[in-house]
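Quick notes on the structure that follows.
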Amino acid sequence: MNETEAPTRHFIQQLVDQDIASGRWGAPGDGSVVRTRFPPEPNGYLHIGHAKAIWLSFSIAEEFGGSCNLRFDDTNPAAEEDEFVRSIIEDIRWLGYRWDGARDDDPMAGVRFASDYFQKMYDHARELIGKGLAFVDDQTPEQIRATRGTATEPGTPSPFRDRPVDENLELFERMRLGEFPDGSKVLRAKIDMASPNFNLRDPVLYRVLHAPHHRTGEAWKIYPMYDWAHGLEDSYEGITHSLCTLEFENHRPLYDWLLDQLDGVHHPQQTEFARFAPTYVVTSKRKLKQLVDENHVSGWDDPRMPSISGLRRRGYTPESIRAMCAEGGVTKFNAKVDYVRIENSVRDHLNKTAQRRMAVLDPLKLTITNWDELGEPGRIEELDAINNPEDEAGGTRAVPFGKNLVIERADFIEQAPNKKWFRLAIGKEVRLRYGYWVRCNEVVKNDAGEIVELLCTYDPTTRGGESPPPDGEGKVRKVKGTLHWVCADDCIGAEVRLFDRLYTSEQPGKATGDHLGDLNPDSLSVVTGAMLERELAGAAPGDRFQFERVGYFCVDPDSTPERLVFNRTVTLKDSWARAADKGEKR
RNA sequence: UGGGGAUUGGUGUAAUCGGUAGCACGAGGGAUUCUGAUUCCCUUAGUCUGAGUUCGAGUCUCAGAUCCCCAACCA
C-alpha cells in the first residue's frame with residue numbers, strides 16, 4: 001500500500017460495493033438502490049453511542065446515492081413515549097441528517113413507525129401459522145424459561161407445539177381481541193428446541209399485552225417481539241442493508257429464517273458492527289436514566305451528560321461529533337474511545353469557527369497608575385481585536401481599555417518561581433492582548449493578606465500590544481507573556497459553569513459494580529463573578545465563543561439578556577499546566 | 001463447561017493475491033507565535049501465545065489464551 005492509493009474502505013463499504021457491482025439489489029452499478037435505516041426504540045434519549053449508528057447508516061446511504069429511513073421501533077408500549085420520539089427527531093436533525101421523506105417545515109414528515117405495520121405483521125403471522133411454523137403456547141413465562149434448556153442441553157418442546165393450525169389461528173385471533181390476560185398465551189415460532197443458538201429454540205413472536213400504545217391506542221392487545229417485527233419492518237420498507245450492533249449477531253439466523261418462510265417478501269441483509277465505548281462515560285439507558293431520576297444531573301440535557309442533547313447544550317458541534325464517528329472507523333472490534341479524542345474533535349472544529357472574546361473568570365483588579373498622567377484622565381480607548389485568527393472573514397472588533405482593568409487571578413504571582421513564568425509578577429512586564437504592555441510595581445493586600453489589587457504602569461508606545469520602538473542601541477524590549485483582560489469600567493458580568501468529567505474512572509463502576517460510586521463530586525463548578533468584554537452582551541443561547549487563553553464556551557438556554565450564563569464546552573490545551581504538574585511532582 | 005464474534009504501538013485504525021508493518025490521536029522533544037492555543041518538524045512504541053507450511057506469514061494450517069455477546073412474554 002502506498003500513499004497514492006485511494007483511502008481504504010471499511011468492511012461495510014466493501015460489502016455494499018460488492019452488492020452494487022453484482023446487482024444484488026437492482027441493476028449492477030446502481031447505488032441509488034441502497035436503502036438503510038436507523039431504528040431507535042423511543043424509550044430514552046439518544047446518546048453519543050447512538051451517534052455512530054446514525055452516522056453509519058446515513059453516511060452509507062448518502063455515499064451511494066440511496067436513502068436512509070428513520071423508523072421508530074415502537075413494539076413495546078410499556079416503555080415508550082412520545083416525548084422520546086420528539087427528542088430523537090430533534091437530535092437527529094441537529095446532527096445534520098435528513099431521512100427519507102424529511103421536510104424542514106414538518107419534523108414528523110417521512111418518519112416511520114413499526115406500529116404502522118402491526119396489521120401487516122399480524123397477517124404474516126397468520127401465514128406462518130398456516131404453514132405449521134408457529135403455534136400458540138399456553139405455558140407461563142416461567143414454564144417457557146424452564147424448558148428452554150441450557151448451553152449444553154437442548155430445550156424440551158412445549159406440550160402445545162403440535163396444536164392444529166385451525167386452533168392456532170383461532171386462538172391467535174382471540175389473543176388479538178384481548179380475550180386472554182397478559183402472560184397467559186404467546187405465539188411461538190416452531191424451529192428447533194435443540195439449536196445451540198437460543199434464539200432458534202421456538203422464539204416468542206407475540207405476547208399478550210393490555211397496554212395502551214402511544215400511536216395505536218387500544219387497538220392491539222398483542223404486540224410483536226423484536227425478532228418478528230424487525231425483519232418485517234426492514235422488509236416492508238425495502239431496506240437493503242440493515243446495519244446494527246454486534247449484540248444482534250446471534251439474532252441474524254432468526255432474522256433470516258423468519259423472512260425465508262414467508263412468500264414473496266423482500267429479504268434485507270443484516271450486517272453487524274461494533275459500537276464504541278467512550279471512557280469516563282456511561283451509555284446504558286438504565287444508568288443514564290438513573291442519573292436523571294436520582295438528580296445526580298439536572299436532566300437529560302445536563303451539559304455533563306453524554307446524551308446528544310447534553311452535548312448540544314455543552315456546546316459541542318454536530319460537525320465535531322460526525323468527524324469523531326468517521327475517525328473511529330467501522331469494525332467488529334468493541335473499541336473504547338479515549339475521551340480526549342472527543343474533546344479534541346470539538347476543539348478542532350471550534351478553533352476554526354468560534355469567534356474569540358476576552359473573559360476573566362476569576363478577576364483580580366489591575367490599576368494603571370500612570371494612565372491619567374499620560375493622556376486625558378479617565379479616558380477609555382478603543383482598541384482593535386481580531387475575531388478569529390483562523391478565519392480572516394471574521395473581521396475585528398473594538399475592545400475598551402482604560403485605567404481600571406481586571407486580569408485572571410491565576411495570571412499573577414508575587415515572586416516568579418523561575419524564568420519559565422511568562423505571566424505577571426512584581427517587577428515583570430507582560431503584554432495585555434490587543435492592549436498595552438504593563439509592568440507590575442506593587443500589590444495591594446487586604447487585612448487577610450490576600451492580594452486585592454495590582455498597581456501597574458503601562459507603556460504608551462505599545463498600543464495595540466505592539467512591540468515598543470527600539471532603544472538607542474537598536475535593541476527591542478521583549479515580553480514572554482500575553483494575558484487576557486477586561487476593562488472594569490466597560491464590561492458585563494456573567495455566570496460561567498465549568499464542567500469536568502462526570503466520573504473519575506475510565507469505566508465507571510467497573511471496579512465496584514456501581515457507577516454512582518465513581519461519580520466525580522467536582523464535575524460542576526459555578527463561577528458567578530466572571531467579567532466579560534462588552535461585545536458579548538448580545539450573545540444568544542447556543543452561541544459559541546473561544547474565551548482567549550481559557551477555553552470554548554457556549555451560551556446556555558438559562559441565559560437571559562440581563563444575566564448571561566455560559567457553559568464551558570472544553571478547555572484549551574494547556575501545556576503550561578501540564579509542565580507545572582510535572583514540576584510539582586519533582 | 002454449548003453457540004456466535006473478536007484480538008496489530010498507550011488508544012483507534014490500515015496493510016484486499018503470502019512480499020518494506022503505514023496513518024491518526026496520545027506521549028516526549030524542538031521551531032514559530034500578540035492565546036503556554038493554533039500551525040510546523042522530529043522522536044517514541046505494535047502483529048495475543050506456541051507450533052507448522054513457505055525463499056518469505058499480520059495474512060495460510062493446527063493447537064491454545066484472553067475479551068465481548070447469547071438461556072426477557074426488552075430492543
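So you know, we letter chains A, B, ... as the sequences are listed, proteins then strands, and number each from 1.
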Rounding to an integer number of angstrom, what distance separates B/A14 and B/U7 when you compare their P atoms?
9 Å
Within the structure, does a side-chain N or O atom of A/Thr152 lie under 4.0 Å from either OP1 or OP2 of B/U1?
no
Suppose you measure atom P in B/U13 against the same atom in B/C48; what distance do you get, rounded to whole Å?
13 Å
Would one find a side-chain N or O of A/Thr75 under 4.0 angstrom from OP1 or OP2 of B/A75?
yes
Fit a plane to each ring of A/His10 and A/Trp55, take the angle between them on a 0 to 90° scale, and name the class: parallel (under 30°), tilted (30 to 60°) or perpendicular (over 60°).
tilted
Nearest-Å distance once atom P is located in both B/G58 and B/U47:
10 Å
Counting only side-chain N and O atoms of A/Arg201, is one of them less than 4.0 Å from OP1 or OP2 of B/G2?
no
When you measure from the side-chain N and O atoms of A/Arg145 to the phosphate of B/A72, is any distance below 4.0 Å, counting only OP1 and OP2?
yes
So is the aromatic ring of A/Phe198 stacked onto the base of B/G3, judging by whether the centres are under 5.5 Å apart and the planes are under 30° apart?
no
Please check if the distance between the ring centroids of A/Phe547 and A/Phe553 is under 6.0 Å.
yes
Base B/U35 to side chain A/Gln546, donor-acceptor N/O within 3.5 Å cut-off:
yes
What contact category does A/Val186 fall into here, base, sugar-phosphate, or nothing, at under 4.0 angstrom with non-hydrogen atoms?
base
Return no unless some side-chain N or O of A/Arg286 is found under 4.0 Å from OP1 or OP2 of B/C74.
no
Does a side-chain N or O of A/Arg148 approach OP1 or OP2 of B/C73 to a distance below 4.0 Å, or not?
yes
Compare side-chain N and O positions of A/Lys352 against OP1 and OP2 of B/U38 and report whether any pair is under 4.0 Å apart.
no
Write down the distance separating the P atoms in B/G28 and B/A65, rounded off to the nearest Å.
39 Å
Whether A/Asn387 side chain and A/Gln355 backbone form a donor-acceptor pair below 3.5 Å:
no
Tell whether A/Arg356 reaches the base of B/U35 with its side chain through a donor-acceptor pair below 3.5 angstrom.
yes
